[in-house]
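The structure under discussion appears below in the form of structure tokens.
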Number of protein chains: 2
Amino acid sequence: MRPENRPDGRTRPSFIEQARRAQIVEAAAETVAEVGYARASLARIADRAGVSKSVISYHFAGGKDELLMQMVSTFFEDTWAHMSERIDAQTTAAGRIRAWVGSQMTYFSAHRTRFLAMVAIVDGHRLPDGSRPFADGMQQELDAVTEILREGQRDGEFRAFDASGFATIIIRATEGVLGRWAEDEETDLDAQTTVLLDFIDHAIRTEAP
Amino acid sequence: MRPENRPDGRTRPSFIEQARRAQIVEAAAETVAEVGYARASLARIADRAGVSKSVISYHFAGGKDELLMQMVSTFFEDTWAHMSERIDAQTTAAGRIRAWVGSQMTYFSAHRTRFLAMVAIVDGHRLPDGSRPFADGMQQELDAVTEILREGQRDGEFRAFDASGFATIIIRATEGVLGRWAEDEETDLDAQTTVLLDFIDHAIRTEAP
DNA sequence: CGATTTTCAGGCCGCATGGCCGAAGTGTAG
DNA sequence: CTACACTTCGGCCATGCGGCCTGAAAATCG
């Protein structure tokens with residue numbers, strides 16, 4: 001049986017516990033990225049991690065669902081840590097938009113597997129009731145970008161447009177370019193980032209007099 | 001046993017055959033749109049269609065794979081028939097880009113279920129060997145848009161940019177806006193289409209002198 | 001009408017899945 | 001060394017899956 005000391009906050013997670021969880025999460029990501037969400041079974045994940053299925057059940061009492069949710073949460077926090085640092089360093093709205101898009105690109109350029117896994121799970125995973133557990137997070141992302149665009153409009157950096165609609169477009173286009181690169185190794189992501197930033201810049205900036 | 005007269009081209013598909021195939025395809029689309037690709041089993045599809053599982057096996061000898069491929073093919077042909085008519089009516093590259101984006105929007109605005117189903121299958125379905133069967137179609141779409149953008153650049157309608165990269169952005173942004181609408185019924189798709197066309201227009205048109 | 005073909009329902013099979021259990025292995029504190 | 005908690009393994013289970021078969025119903029046709 002699994003020790004039940006965590007809910008009391010008594011004992012910290014043991015070293016081996018942290019290591020195993022990280023190892024399993026990584027194996028799960030690789031599996032999902034390679035065979036897709038639908039074919040990513042516990043058996044395949046365990047096999048890739050080099051452990052037995054029971055080890056996953058043991059360390060993730062919530063089963064497959066907890067594993068996948070944990071994986072997305074972990075990867076998202078890493079991604080956001082990378083992004084927010086670069087976004088906050090900017091002093092203009094235009095800079096923050098460029099940093100948002102660019103830092104997302106640079107992060108995932110070093111973590112292609114994580115990108116593929118996150119996308120596959122975010123739009124493939126459903127809770128038992130059929131709902132999609134990551135809708136909230138996507139809404140928050142949208143709201144944040146919308147707010148930056150509104151700031152830029154107030155400061156005269158950007159022209160008049162529907163900020164919420166443009167936020168959707170920018171976010172989806174960014175994910176789209178990443179997706180294209182993730183599927184086709186030939187793509188030069190740095191070059192495509194420049195192209196996307198050029199596209200966005202011309203779409204949102206105040207028009208030349 | 002199923003009659004084997006089709007390969008010779010002898011007998012045309014019976015009326016009931018056509019009707020059943022259409023009915024099953026529609027039920028499959030509704031099921032996939034509602035519960036997602038991973039949970040869309042033959043049992044659920046048959047149940048929604050109000051028939052037994054065997055009926056699907058009977059009319060789609062290739063099994064689930066043939067059913068899903070058939071569904072995407074059918075829906076894609078419908079979509080493209082709607083789009084190409086409107087695109088070909090345009091005389092300028094800018095018009096064709098607007099028609100591409102706009103007609104895709106108007107088509108799916110009347111076929112939300114089909115959009116959800118197509119997206120779910122296109123990026124969820126894998127062949128037994130693990131490959132993704134719709135990569136070719138997406139590449140063709142990309143090439144076609146790229147060619148329109150290059151025409152516009154030759155004619156001076158568009159400024160200088162990476163046509164292939166911009167094509168990716170335009171296609172993904174369009175799908176993204178559709179996806180946002182498909183998930184959130186509140187969205188006014190007509191308004192968002194206008195917003196997207198405005199975004200694209202500012203990004204690609206020749207700069208004011 | 002009867003004969004023949006087409007269409008269908010229900011049951012069944014083999015398989016993979018997610019999850020669980022008991023026994024064994026491993027480390028550690030006293 | 002011993003006692004004990006933590007970790008792992010292999011095997012097992014119920015469930016749902018896609019696919020198939022059999023026999024009956026329904027349509028078609030001479």
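Just so it is clear, the structure is predicted and the values come from calculations on it, not from any experiment. Letters go in sequence order (proteins before strands), and every chain restarts at 1.
A donor-acceptor contact closer than 3.5 angstrom is absent between the side chains of B/Q18 and B/R21. Neither side chain, A/R20 nor A/Y58, offers a donor N or O lying under 3.5 Å from an acceptor on the other.
Rounding to whole angstrom units, NZ of residue B/K53 and C1' of C/dC13 are separated by 10 Å. Nucleotide C/dA16 holds its C1' atom 14 Å from the CG atom of A/D47, rounded to whole Å. Following rounding to the nearest Å, B/I56 (CD1) and C/dT7 (P) show an atom-to-atom distance of 16 Å. Protein atom CD of B/E66 is 14 Å distant from nucleotide atom C1' of D/dG18, rounded to whole Å. To the nearest angstrom, C1' of D/dC6 lies 15 Å from CD of A/Q18. One can place CZ of B/F60 at 15 Å from P of D/dG18, the figure rounded to the nearest angstrom. Remark: C1' of D/dG18 and CZ of A/R39 are 12 Å apart, rounded to the nearest angstrom. If you take CG of B/D65 and P of D/dG19, they are 8 Å apart, rounded to a whole angstrom.
The side chain of A/S54 lies closest to D/dG10, out of C/dC8, D/dG10, D/dT8. Side-chain atoms of B/H59 lie closest to C/dT7 of the nucleotides C/dA9, C/dT7, D/dT8. For B/K64, whose side chain is taken as the heavy atoms from C-beta onward, the closest listed nucleotide among D/dG18, D/dG11, C/dG10 is D/dG18. Minimum atom distance to the side chain of B/L42 is reached by D/dG18, of the listed D/dG18, D/dC21, C/dC8.
The aromatic ring centres of B/F115 and B/H111 sit 6.0 Å or more apart. A distance of 6.0 Å or more separates the ring centres of B/F76 and B/F134.
Contact annotation: B/Y58 reaches the phosphate of C/dT7 (side-chain N/O to OP1 or OP2, under 4.0 Å). At the phosphate of C/dG10, neither OP1 nor OP2 sits under 4.0 Å from any side-chain N or O atom of B/S52.
In this structure, A/F166 and A/F161 have parallel ring planes: the angle between them is below the 30° cut-off, well short of the 60° mark.
Using a 4.0 Å heavy-atom distance criterion, B/S41 is classed as a sugar-phosphate-only contact. Looking at heavy-atom distances under 4.0 Å, A/R44 makes contact with sugar-phosphate atoms alone, never a base.
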